[in-house]
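These values consider heavy atoms only, across backbone and side chains, with no hydrogens, waters or symmetry-generated copies.
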Amino acid sequence: MMTNEVNLNQKLKEYFGFDTFKGDQEAIVRNVLEGKNTFVLMPTGGGKSLCYQLPSLIMEGTAIVISPLIALMKNQVDVINGNSEEDGVAHYLNSSLNKAAIDQVKADIQNGKTKLLYVAPESLTKDEYVEFLKTCKISFYAIDEAHCISEWGHDFRPEYRRIRPIVNEIGAAPIIALTATATDKVRTDIKKSLGIMEATEFKSSFNRPNLYYEVRPKTKEIDKQIVKFIRQNEGKSGIIYCLSRKKVEELAAVLCANDIKAAPYHAGLDSATRSSTQDDFLMERIDVIVATIAFGMGIDKPDVRFVIHYDIPKSLEGYYQETGRAGRDGGEGRCIAFYSYKDLQKLEKFMEGKPVAEQDIGRQLLQETAAYAESSVCRRRMLLHYFGEEYTKDNCENCDNCLHPKSKKEAKDALVVVLQAVQRLKEDFRTDYIIDFVKGHATDDIVAHKHDQLEEFGAGEDMDEKFWNPVIRQALIAGFLKKDVENYGVLKLTAGGKRFLKHPTSFLIVEDHEFNDDDDDDGSEGHGAALDESLEIMLRQLREEVARKRNLPPYVVFQDNSISQMATMYPVTVEELQNIQGVGVGKAQKFGKPFVDLIKKYCEENDIERPEDLRVRTVAKKSMLKVKIIQSIDRQVALDDIAYTLGVEFDKLLDEVEAIVYSGTKLNIDYFLEEVMDDDHVDEIYDYFSESDTDDLETAMEELGGEYSEEEIRLVRIKFLSDVAN
């Protein structure tokens with residue numbers, strides 16, 4: 001046995017340059033070498049790949065590694081071949097190879113050169129590969145990212161379900177399944193599907209003590225918060241996850257506009273762009289990647305210092321895996337997720353149209369994520385409990401809930417009500433049903449089951465409604481309740497729960513966080529910022545002077561709401577001025593200098609601390625629409641045709657065109673006015689605006705005696721502003 005051990009350590013040093021194994025690696029390698037089926041649950045950064053790479057190099061034949069990502073295969077093949085004296089020790093077979101390359105792979109396998117063959121599950125099912133592999137000596141099969149097998153996993157792929165039948169066809173050999181995240185339900189699912197229920201299990205701890213977990217409410221100020229956070233962590237590497245490609249592009253543009261070295265990454269970009277972005281991140285030419293979940297698998301960058309979730313993920317497994325990319329070197333790793341109830345509803349809406357069973361699974365996974373976000377319990381304890389691991393410390397000292405604990409409340413009576421309800425309903429229902437039952441809500445479902453006629457129905461109707469979710473969540477963590485693995489989500493009593501019912505004792509809980517969607521906040525003013533009336537008066541006086549000198553009405557220089565916002569946000573450079581509502585680049589350049597000079601002097605003289613928010617440059621969300629409108633007008637497309645093409649009402653199009661000219665961009669709509677209006681009418685309305693001290697529409701209609709339609713007045717006002725203001 002001792003010689004064996006020495007040999008294994010020698011092989012580790014010879015092939016990988018390491019002196020010692022990490023965690024369970026050595027035991028896993030031995031298990032594979034002994035030809036036993038193996039199940040490995042090892043968090044990101046624990047060294048999963050070595051568990052199948054090392055035995056493949058030692059054993060006779062070729063190991064087949066089934067992996068979902070082409071980029072990941074290439075990366076691992078390059079690493080193994082780079083460690084070897086000769087080429088061809090590792091190969092991959094996938095759709096990116098031409099015929100000559102495929103022939104070379106086959107030749108190297110037949111000549112006994114290739115010890116590791118990476119295959120995408122789709123390629124494995126191709127008849128030509130199956131027929132070829134039947135003729136080869138297979139040492140074992142490794143299924144990487146094995147959670148893809150399970151519908152309960154965060155990245156389910158139907159083709160993973162076909163692995164076992166294909167293995168049977170190619171030829172029996174031991175199987176090693178590896179995943180970084182899996183609940184009890186997913187683990188059982190993987191083993192069943194692969195036919196390895198008896199496999200030896202190796203389960204590493206999911207606890208990453210160096211990672212700090214925090215959930216923040218998602219407000220309209222989120223972009224500014226993120227820019228400020230990155231500035232406070234200047235030069236550090238980070239990943240920001242968004243659910244949509246559109247948001248990835250928008251946020252990357254905002255970061256770049258704020259001089260942050262960032263780039264977008266999603267599956268819609270061509271592979272060359274994705275590859276160079278990944279290289280730039282690894283080589284630290286850029287600090288921040290803004291990405292969909294397409295990014296990260298197999299990214300072996302040890303010093304990612306923060307992972308931000310712009311949108312709440314669809315499952316806690318996905319969240320855990322993505323946050324696991326932070327601090328893999330054991331150093332600092334800050335994991336911040338932004339949460340709003342509205343996002344949750346949006347994700348639920350996306351599920352509509354999918355098969356009912358899939359919708360059901362998706363909703364339950366989302367509920368677990370919502371529970372994590374809303375709960376005031378230690379986040380580490382909640383995460384570990386989700387993965388079937390107990391965390392015994394009262395305070396982890398490295399999450400927002402532990403650093404800012406809420407005071408505890410007695411919930412003994414509420415827990416008794418819940419446990420009695422679960423028992424009375426024969427341990428056959430989920431959380432939502434139990435809560436409706438104890439609150440006395442006679443839902444269609446409850447009435448159909450006749451449960452509204454039970455004595456316990458409504459037993460908790462006099463208790464605080466906000467109590468029930470935290471009571472159930474914390475009863476699960478405390479071990480009084482459990483969720484049935486086979487019938488996911490159904491609540492069952494544990495032995496501890498039954499004991500509690502017989503002898504109730506104190507049960508202290510912390511109430512959930514409340515996340516209020518800030519619909520009324522239009523983001524136009526700094527959070528909590530107040531209007532400085534003295535400065536506003538000075539700015540209005542300056543506007544009068546500038547307008548008089550240039551022989552323009554004051555509103556042409558800056559609108560009232562722009563002046564008010566300047567007196568709230570204190571912009572002191574022409575660039576900062578462009579963040580003020582209604583001020584574009586053109587207007588800022590044309591009129592801005594005296595205004596920012598005045599504000600700067602005023603701030604210095606009055607010792608004013610300016611809001612940090614303003615130093616965050618925004619990128620207009622509607623920029624694509626704006627660009628299309630400007631391009632169409634440049635091509636002299638009729639405005640009603642532009643509205644039709646863009647699918648907007650004509651008055652909405654005029655709103656957009658007005659916003660463009662008010663912010664300082666010149667637009668020539670003469671070609672359209674010539675088509676639809678009489679020259680004399682245009683001149684009369686134009687003269688009115690030249691002499692008026694207001695651009696108000698109602699005033700204009702009154703003054704012009706009702707002779708012109710609202711549309712006509714708006715069109716000429718656009719021409720006037722474009723001519724004189726821009």
Nearest heavy-atom approach of Gly268 to Arg245 is CA-NH1, 3.3 Å

Report the distance from atom CG of Leu251 to atom OH of Tyr241, rounding to the nearest 0.5 Å. 14.0 Å

Could you tell me whether a side-chain N or O of Thr323 sits under 3.5 Å from a main-chain N or O of Tyr319, the two making a donor and an acceptor? yes

So how far is it from Leu721 CG to Lys666 NZ, rounded to the nearest 0.5 Å? 10.5 Å

Under the ring-ring contact (aromatic ring centres under 6.0 Å, His included) test, which residues partner Tyr708, sequence neighbours left out? His681

Can you name the nearest heavy-atom pair linking Thr219 to Gln225, along with the distance? OG1-NE2, 4.0 Å

Flag, side chain of Lys218 to backbone of Tyr341, donor-acceptor distance under 3.5 Å: no

With heavy-atom distances below 4.5 Å as the criterion, would you say the side chains of Asn606 and Asp532 are in contact? no

Please check if atom NZ in Lys314 has more than 12 non-hydrogen atoms from other residues, nucleotides or ligands closer than 6.0 Å. no

Say you draw a straight line from CZ of Phe281 to CG of Asp287; how long is it, rounded to the nearest 0.5 Å? 8.5 Å

Would you say Ser564 and Glu536 are linked by a side-chain donor-acceptor pair, where the criterion is simply a distance under 3.5 Å? yes

Could you check whether any side-chain N or O of Arg305 sits under 3.5 Å from a backbone N or O of Glu332, counting only pairs where one atom can act as donor and the other as acceptor? yes

Taking the six-membered ring for Trp, are Tyr686 and Phe720 parallel (under 30°), tilted (30 to 60°) or perpendicular (over 60°)? perpendicular

Nearest-0.5 Å distance, CG of residue Leu269 to OG1 of residue Thr292: 8.5 Å

Carboxylate-amine/guanidinium contact Lys247 Asp311, below 4.0 Å: no

Is there a side-chain contact between Asp223 and Val227 in this structure, where contact means two heavy atoms from C-beta onward sitting under 4.5 Å apart? no

Is it the case that the side chain of Glu358 and the backbone of Pro355 share a donor-acceptor pair, with hydrogens and angles ignored and the cut-off at 3.5 Å? no

Name all residues meeting the salt bridge (Lys or Arg N to Asp or Glu O under 4.0 Å) criterion together with Asp640; count only those two or more places apart in sequence or in a different chain, and write none if there are none. none

Just wondering, do Tyr213 and Asn401 contact through their side chains at under 4.5 Å, heavy atoms? no

So does Arg717 get a backbone contact from the side chain of Asp695, meaning a donor-acceptor N/O pair under 3.5 Å? no

Working note: Arg363 + Gln359, criterion side-chain hydrogen bond (donor to acceptor under 3.5 Å, both in side chains); need CA distance, chi angles, decisive distance, verdict. CA-CA 6 Å; Arg363 282 201 185 90; Gln359 284 189 47; 3.1 Å; yes

May I ask you to decide if Tyr662's main-chain N or O and Lys587's side chain share a donor-acceptor pair within less than 3.5 Å? yes

Of the non-hydrogen atoms in Leu539 and Phe595, which two are nearest, and what is the gap between them? O-CE2, 3.7 Å

Report the C-alpha separation of Gln367 and Asp432 in whole Å, then their side-chain angles, then the decisive distance to 0.1 Å, and conclude whether the side-chain contact (heavy atoms from CB on, under 4.5 Å) test is met. CA-CA 10 Å; Gln367 280 168 6; Asp432 291 352; 3.3 Å; yes

For residues Glu710 and Asp651, determine if any side-chain heavy atom of one lies less than 4.5 Å from a side-chain heavy atom of the other. no

Over 12 non-hydrogen atoms of neighbours within 6.0 angstrom of NZ in Lys236: yes

Only counting residues at least two apart or in another chain, list the ones meeting ring-ring contact (aromatic ring centres under 6.0 Å, His included) with Tyr671. none

Does atom CD of Glu348 have more than 12 heavy-atom neighbours from other groups under 6.0 Å away? yes

Check for a donor-acceptor pair, side chain of Lys406 on one end and backbone N or O of Asp512 on the other, with a separation under 3.5 Å. yes

Is the shortest side-chain N to carboxylate O distance from Lys346 to Asp343 below 4.0 Å? yes

I'd like to know if Arg714 pairs up with Glu658 as an ion pair, taking the criterion as any Lys NZ or Arg NE/NH1/NH2 lying under 4.0 Å from an Asp or Glu carboxylate oxygen. yes

What's the shortest heavy-atom distance between Ile286 and Ala263, and which atoms? CD1-CB, 3.7 Å

Between Ser722 and Asn668, is there a donor-acceptor pair closer than 3.5 Å when you use the side chain of the first and the backbone of the second? no

In Å and rounded to the nearest 0.5 Å, what is the CD to CD1 distance from Glu675 to Ile669? 12.5 Å

Neighbour count above 12 (heavy atom, 6.0 Å) for Asp634 CG: yes

Side chains of Val596 and Thr573: closer than 4.5 Å at any heavy-atom pair? no

Taking the side chain as every heavy atom from C-beta outward, state whether Thr645 and Val637 have any atom pair closer than 4.5 Å. no

Kindly say whether Ala272 contributes a backbone atom to a donor-acceptor pair with the side chain of Asp270 at under 3.5 angstrom? yes

Find the distance between CG (Asp678) and CG (Leu673) and round it off to the nearest 0.5 Å. 11.5 Å

By ring-ring contact (aromatic ring centres under 6.0 Å, His included), which residues pair with Tyr555, not counting sequence neighbours? none

Run the salt-bridge test on Glu284 and Lys301 with the 4.0 Å N-O cut-off and return the result as yes or no. yes

Please find the pair of heavy atoms, one from Val304 and one from Arg325, that lie closest to each other, and give the distance. CB-O, 3.2 Å

So, do Val215 and Tyr372 sit near enough that their side-chain heavy atoms are less than 4.5 Å apart? yes

Compare every heavy atom of Ser375 with every heavy atom of His513, then report the nearest pair and how far apart it is. CD2-O, 3.3 Å

For residues 542-554, please give each side-chain donor-acceptor pair under 3.5 Å, one per line with the distance, not counting sequence neighbours.
{"from": "Arg543", "atom 1": "NH1", "to": "Phe558", "atom 2": "O", "distance (Å)": "2.6"}
{"from": "Arg543", "atom 1": "NH1", "to": "Asp560", "atom 2": "OD1", "distance (Å)": "3.0"}
{"from": "Arg543", "atom 1": "NH2", "to": "Asp560", "atom 2": "OD1", "distance (Å)": "2.9"}
{"from": "Arg550", "atom 1": "NH2", "to": "Lys590", "atom 2": "O", "distance (Å)": "3.2"}

Lys/Arg-Asp/Glu bridge criterion (N-O < 4.0 Å) met for Asp670, Lys719: yes

Under the salt bridge (Lys or Arg N to Asp or Glu O under 4.0 Å) rule, collect the residues that match up with Lys601, sequence neighbours excluded. Glu605

Quick check: does any side chain N or O of Glu576 sit under 3.5 Å from a backbone N or O of Val572, one acting as donor and the other as acceptor? yes

